[in-house]
Amino acid sequence: VVLTRRYYPNMSPISAVIDKYLQRLKDKYQFHVVCIAGHSSLKKPDNSKIKVYYIKNKLWLLRLWSEENYNATNNKLYLYLMQICRARAAFLNLFSDNLAYRWEYKAYYAEILKISNVIGVDGIISVSGDTVYTHLAAQKYKLSNPETKWVTFFTDPYSFQDMMFYPALF
């Protein structure tokens with residue numbers, strides 16, 4: 001199982017690095033990639049060795065829906081709605097790092113459990129870019145399943161944190 005934020009088809013730079021490894025190893029192993037949901041029109045990769053699962057919550061879907069509609073219609077109402085969602089996240093993050101994304105922790109863990117119940121989990125690769133919830137979910141699973149191998153891939157979460165740039169009100 002691979003836990004990352006944005007994977008297919010619009011990969012974050014970090015996920016693009018992980019994808020290079022997956023592409024090299026997919027002939028030998030099967031991967032289940034759990035990532036945050038992207039746009040509603042996403043198609044999953046056509047590859048039996050790499051399965052993609054999307055996590056989401058209602059506010060995240062509202063933000064994506066408003067962004068899609070703004071891009072399709074250029075209606076300012078959708079832009080304002082999208083900016084309100086982003087500003088909410090930026091405001092919450094002022095009080096605690098990544099407070100707006102705590103829902104991801106439970107969602108990643110729930111997906112690991114679903115996959116584990118169906119096929120089992122031999123190992124987990126948790127990838128972080130701008131949040132650490134992939135690692136926290138992997139850690140929780142590892143604590144209750146000590147035989148599972150766990151690899152962490154940490155990057156600098158503060159070099160490029162788009163939540164700190166786009167919703168600025170000034």
Side-chain angles (χ1 to χ4, degrees), residues 1-64 67 85-86 89-90 92-93 96-164:
V1 175
V2 177
L3 306 176
T4 188
R5 271 202 103 215
R6 291 177 296 160
Y7 179 66
Y8 184 84
N10 300 320
M11 295 183 197
S12 66
I14 299 150
S15 293
V17 170
I18 291 299
D19 186 60
K20 300 282 187 214
Y21 290 107
L22 299 184
Q23 295 302 325
R24 297 285 290 198
L25 296 170
K26 70 182 179 187
D27 295 331
K28 191 173 180 182
Y29 302 100
Q30 183 170 358
F31 293 97
H32 298 268
V33 179
V34 181
C35 60
I36 196 164
H39 297 287
S40 62
S41 60
L42 289 182
K43 295 178 181 161
K44 294 185 178 182
D46 186 24
N47 188 321
S48 63
K49 293 289 196 165
I50 300 176
K51 305 240 188 248
V52 178
Y53 306 83
Y54 296 108
I55 63 167
K56 55 195 169 284
N57 77 354
K58 289 178 184 175
L59 281 172
W60 183 255
L61 291 177
L62 176 64
R63 177 180 164 184
L64 292 177
E67 186 175 347
C85 291
R86 287 181 169 175
L92 287 175
N93 289 344
S96 176
D97 189 35
N98 291 308
L99 178 64
Y101 300 110
R102 285 212 177 141
W103 64 270
E104 291 179 23
Y105 168 64
K106 290 179 182 176
Y108 281 119
Y109 184 69
E111 283 299 319
I112 297 170
L113 290 179
K114 286 181 195 174
I115 294 167
S116 177
N117 290 335
V118 174
I119 60 159
V121 174
D122 296 331
I124 298 174
I125 301 171
S126 56
V127 181
S128 73
D130 49 2
T131 68
V132 296
Y133 297 115
T134 56
H135 301 304
L136 295 175
Q139 177 189 34
K140 184 174 181 178
Y141 185 83
K142 172 73 174 166
L143 289 173
S144 60
N145 299 278
E147 73 285 351
T148 302
K149 294 171 183 65
W150 175 30
V151 175
T152 61
F153 182 72
F154 278 93
T155 60
D156 180 0
Y158 299 103
S159 292
F160 178 69
Q161 171 55 284
D162 65 344
M163 279 306 305
M164 301 304 164

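Applying the side-chain contact (heavy atoms from CB on, under 4.5 Å) criterion to Val151, with sequence neighbours excluded, gives Ile125. Checked against side chain to side chain donor-acceptor pair (under 3.5 Å), Lys114 has the following partners two or more places apart in sequence or in another chain: Glu111. By the side chain to side chain donor-acceptor pair (under 3.5 Å) test, Thr4 is found to be paired with Ser15, residues two or more places apart in sequence or in another chain being considered. The side-chain contact (heavy atoms from CB on, under 4.5 Å) test applied to Leu59 returns Asn57, Leu62, Arg88, not counting sequence neighbours.
For the atom pair Trp103 CH2 and Lys58 NZ, the distance stands at 13.0 Å (nearest 0.5 Å). Distance check: Tyr21 OH to Phe31 CZ gives 12.0 Å after rounding to the nearest 0.5 Å. Summarising the geometry, atom OH belonging to Tyr133 is positioned 11.5 Å from atom NZ belonging to Lys106; distances are rounded to the nearest 0.5 Å.
At a threshold of 4.5 Å between non-hydrogen side-chain atoms, the residues Cys35 and Ile55 do not count as touching. Residues Val34 and Val1 are in side-chain contact: their nearest non-hydrogen atoms beyond the backbone lie under 4.5 Å apart.
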Residue pair Thr152, His135: steps toward the side-chain hydrogen bond (donor to acceptor under 3.5 Å, both in side chains) verdict: CA-CA 7 Å; Thr152 61; His135 301 304; 5.1 Å; no

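A donor-acceptor pair is defined here as one N or O able to donate and one able to accept, closer than 3.5 Å; such a pair exists between the side chain of Lys142 and the backbone of Thr148.
Ala137 approaches Tyr108 most closely through the heavy-atom pair CB-CB, 3.6 Å. Summarising the geometry of Thr134 relative to Ser126, their closest heavy-atom pair is O-CB, 3.7 Å, with the distance given to 0.1 Å.
Judged as a side-chain hydrogen bond (donor to acceptor under 3.5 Å, both in side chains), the pairs with a partner in residues 24-35 (not counting sequence neighbours) are, in order, Gln23-Lys26, His32-Tyr53.
Here the rule is side-chain contact (heavy atoms from CB on, under 4.5 Å) with Phe153, and of Val2, Leu3, Val127 only Val127 fits it.
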Below 3.5 Å, can you tabulate the donor-acceptor pairs from side chains in residues 115-123 to any protein atom, sequence neighbours excluded?
unit_1 : atom_1 : unit_2 : atom_2 : d
Ser116 : OG     : Tyr141 : OH     : 2.8
Asn117 : ND2    : Leu113 : O      : 3.2

